[in-house]
Amino acid sequence: MTLKIATFNINGIKARLPRLVEWLEETQPDIACLQELKSSDETMPTKEIEAAGYGFLYHGQKGFNGVAILARGAQPVETQRGLAGEDEDEQSRYLEADVHGVRVASIYLPNGNPQPGPKFDYKLRWMARLRERAKVLLASEIPTILTGDYNVIPHDDDVWDPRGGMANDALMQPESRDAWFRLLGDGWTDALRSRHPAGGVWTFWDYQAGGWQRDHGFRIDHLLLSPALADRLEGAGVDKDHRGREKASDHAPTWAKLS
DNA sequence: ATGACGGATGATATCCGA
């Protein structure tokens, strides 16, 4: 009995629906966390997702953001929506549920560009708020996966050219990385990194400037495992070929397999 | 240095993303 959990920033659930259903049918994840739905709850394609055999819990927002948790043959039971600590924050970026015997959070962490500036400040505040929630989950000892688009490039070997145009990007600033490593230091395991410690594995390729064709990518979609689940990690990878298809997202699905 | 591509929107130009 294994559990396969995946994260996929789909860049528009309505525009990506055929690709999304195709990916679910081909790879059959037990749990799939989605980000950047770019759809309000009212226009969410619930019938199509359920017809693919998945329970569908979502937190939509018109135009931007939006996160969801899909579970094969099961309905995720919501445990939290949004993060505490900033009452005026209306952005749909965090959704948490119990399903298939684990706690799972679908995360769409703010991009933070341009930096410095208010968007970067919001990113760093959001990371601090996420860490507070993550501490509560660790203390609970519930087997937990925090997964999604973190918009953080943790190491220089997680980006094709660390000294090029990305060097000043919010995704790899020291403040972003410090917040990432503070979170991991509390006891989380970066599933993909633990299986591919040398780096060089990308989850995102820009649509622009031939990013995919030149393999100019970086790693920003992550799965963080609580200690009990880290002990059960059997494999992790990226469904890279899905990035090369017609009308693909700019992210590729990223997954971990647990025993 | 800039823009490039793509999705979404009370759209036909502008925003946001990474």
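Worth knowing before you read on, the calculation uses all heavy atoms, side chains too, and leaves out hydrogens, waters and symmetry mates. Each chain gets a letter, A, B and so on, in the order the sequences are listed, and its residues count up from 1.
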inquiry  = For residues 46-55 of chain A, which residue pairs pass the side-chain hydrogen bond (donor to acceptor under 3.5 Å, both in side chains) check, not counting sequence neighbours?
reply    = none

request  = Using only side-chain N and O atoms of His251(A), determine if any of them is under 4.0 Å from OP1 or OP2 of dG17(B).
outcome  = no

Only distances under 3.5 Å count here; give the side-chain donor-acceptor pairs of residues 234-241 of chain A to other protein atoms, sequence neighbours excluded, each with its distance to 0.1 Å.
residue, atom, partner, partner atom, Å
Asp239(A), OD1, Trp255(A), NE1, 3.1
Asp239(A), OD2, Trp23(A), NE1, 2.9
Asp241(A), OD2, Arg245(A), NH2, 2.7

message = Less than 4.0 angstrom between a side-chain N/O of Asn65(A) and OP1 or OP2 of dG17(B), yes or no?
response = no

request  = Whole angstrom is fine here: how far is it from CD in Gln208(A) over to C1' in dC16(B)?
outcome  = 12 Å

ask   = Once you round it to whole Å, what is the distance between C1' of dA18(B) and NZ of Lys119(A)?
value = 12 Å

key: Sequence-distant partners of Phe64(A), ring pair (Phe, Tyr, Trp, His ring centres under 6.0 Å), two or more places apart   = none

task = Sequence neighbours left out, what pairs pass side-chain hydrogen bond (donor to acceptor under 3.5 Å, both in side chains) with at least one residue falling in residues 109-118 of chain A?
result = Asn111(A)-Asn113(A), Asn113(A)-Asp169(A)

request  = Using a strict cut-off of less than 4.0 Å between a Lys/Arg side-chain nitrogen and an Asp/Glu carboxylate oxygen, indicate whether Arg19(A) and Glu246(A) qualify as a salt bridge.
outcome  = no

task = Return the value, rounded to whole Å, for the distance between atom CD1 of Ile10(A) and atom C1' of dG17(B).
result = 15 Å

task = Using the test salt bridge (Lys or Arg N to Asp or Glu O under 4.0 Å), find all partners of Lys135(A) that sit at least two apart in sequence or belong to another chain.
result = Glu132(A)

ask   = Any side-chain donor paired with an acceptor under 3.5 Å for Tyr108(A) and Asn151(A)?
value = no

note = side-chain hydrogen bond (donor to acceptor under 3.5 Å, both in side chains) filter on Arg81(A), not counting sequence neighbours, yields Glu78(A)

message = So for Asn151(A) and dA18(B), does any side-chain atom that can act as donor or acceptor lie under 3.5 Å from a complementary atom in the base?
response = no

Output a table of donor-acceptor pairs, distance under 3.5 Å, between side-chain atoms of residues 178-188 of chain A and any protein atom two or more places apart or on a different chain; print 'none' if there are none.
residue, atom, partner, partner atom, Å
Asp186(A), OD1, Arg131(A), NH2, 3.0
Asp186(A), OD2, Arg131(A), NE, 2.8

inquiry  = Check the phosphate of dA18(B) against Tyr150(A), side-chain N and O only, distance under 4.0 Å to OP1 or OP2. Yes or no?
reply    = no

remark   = The correct set of residues in residues 211-222 of chain A placing a heavy atom under 4.0 Å from DNA chain B is Phe218(A), Ile220(A)

inquiry  = Say we look at dG6(B) and dA11(B): how far apart would their C1' atoms be, to the nearest angstrom?
reply    = 15 Å

message = From CD of Gln61(A) over to C1' of dG17(B), roughly how many Å is that when rounded to an integer?
response = 13 Å

Identify the pairs formed between an N or O of the protein and an N or O of nucleotides 6-11 of chain B at a distance under 3.5 Å, and give each distance.
residue, atom, partner, partner atom, Å
dG7(B), OP1, Arg16(A), NH1, 3.4
dG7(B), OP1, Lys247(A), NZ, 3.4
dG7(B), OP2, Lys247(A), NZ, 3.3
dG10(B), OP2, Lys62(A), NZ, 3.0

message = Heavy atoms only, 4.0 Å cut-off, all strands: where does Asp250(A) land among base, sugar-phosphate and nothing?
response = nothing

message = At a heavy-atom distance below 4.0 Å, what parts of residues 120-130 of chain A sit against DNA chain B?
response = none

key: Inter-nucleotide P distance (dT2(B), dA13(B)), Å rounded   = 24 Å

task = Walk me through it: do Asp250(A) and Arg243(A) pass the test salt bridge (charged side-chain N to carboxylate O under 4.0 Å, His left out)?
result = CA-CA 7 Å; Asp250(A) 41 4; Arg243(A) 175 62 183 83; over 6 Å; no

request  = Determine the Euclidean distance between corresponding C1' atoms of dC15(B) and dG10(B); express it in Å to zero decimal places.
outcome  = 15 Å

key: P atoms of dT12(B) and dA1(B), separation to the nearest Å   = 33 Å

key: Toward the 5' end of DNA chain B, by each residue's nearest nucleotide, Asn113(A) or Ala209(A)   = Ala209(A)

All N/O donor-acceptor pairs, side-chain side in residues 208-216 of chain A, below 3.5 Å, sequence neighbours left out:
residue, atom, partner, partner atom, Å
Asp215(A), OD1, Trp205(A), NE1, 2.9

inquiry  = Test: salt bridge (Lys or Arg N to Asp or Glu O under 4.0 Å). Region: residues 57-77 of chain A. Which pairs qualify, not counting sequence neighbours?
reply    = none

